[in-house]
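The first residue of the sequence shown is numbered 1, and numbering continues consecutively from there.
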Amino acid sequence: MGVTHPTEEERLALCEGLTANGINPRTVPLRDSDLRIAVQDGQRVILYTEFVLDELTGNILAAPDGQVPVTSAASAPCLAEPPEWLNIPS
């Protein structure tokens, strides 16, 4: 994705776009996000990185060193097209 340090307007638009595609924006690192659109099994999907959340508290888990959040690869159906300015590769 082309947005490494989104402005407030870009951040709000990105959150809106993620929500429209059934993705909780709270779980997606908005800085340096790796969002891509791909075709899997004939369906357009959004591939992204998400934070791993603690099952009990819902808090973002930190790596054992406590410095970096734990993330994992995720995907969701592309239900709504993201804004063009995001430059999300297909």
Specify the closest pair of heavy atoms between [X] and [Y], including all atoms of both residues, with the distance to one decimal.
X   : Y   : result
V28 : I23 : CG2-CG2, 3.6 Å
A38 : L47 : CB-CD1, 3.7 Å
I37 : C78 : CD1-SG, 4.3 Å
L56 : D54 : N-OD1, 2.7 Å

Please list, chain by chain and in numerical order, all residues satisfying side chain to side chain contact (heavy atoms under 4.5 Å, CB included) with [X], sequence neighbours excluded.
X   : result
A20 : A80
L12 : E8
N59 : R26, T57
P77 : L79

Any side-chain heavy-atom pair from P25 and T19 closer than 4.5 angstrom?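 A side-chain contact exists here, since the closest heavy-atom pair is under 4.5 Å.
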Would E50 and N24 satisfy side chain to side chain contact (heavy atoms under 4.5 Å, CB included), going step by step from the backbone distance to the final call? CA-CA 9 Å; E50 70 179 353; N24 179 349; over 6 Å; no
Considering residues at least two apart in sequence or located in another chain, which fulfil the salt bridge (charged side-chain N to carboxylate O under 4.0 Å, His left out) criterion with E16? none
Can you pull the salt bridge (Lys or Arg N to Asp or Glu O under 4.0 Å) pairs that have at least one residue in residues 64-81, sequence neighbours excluded? R44-E81
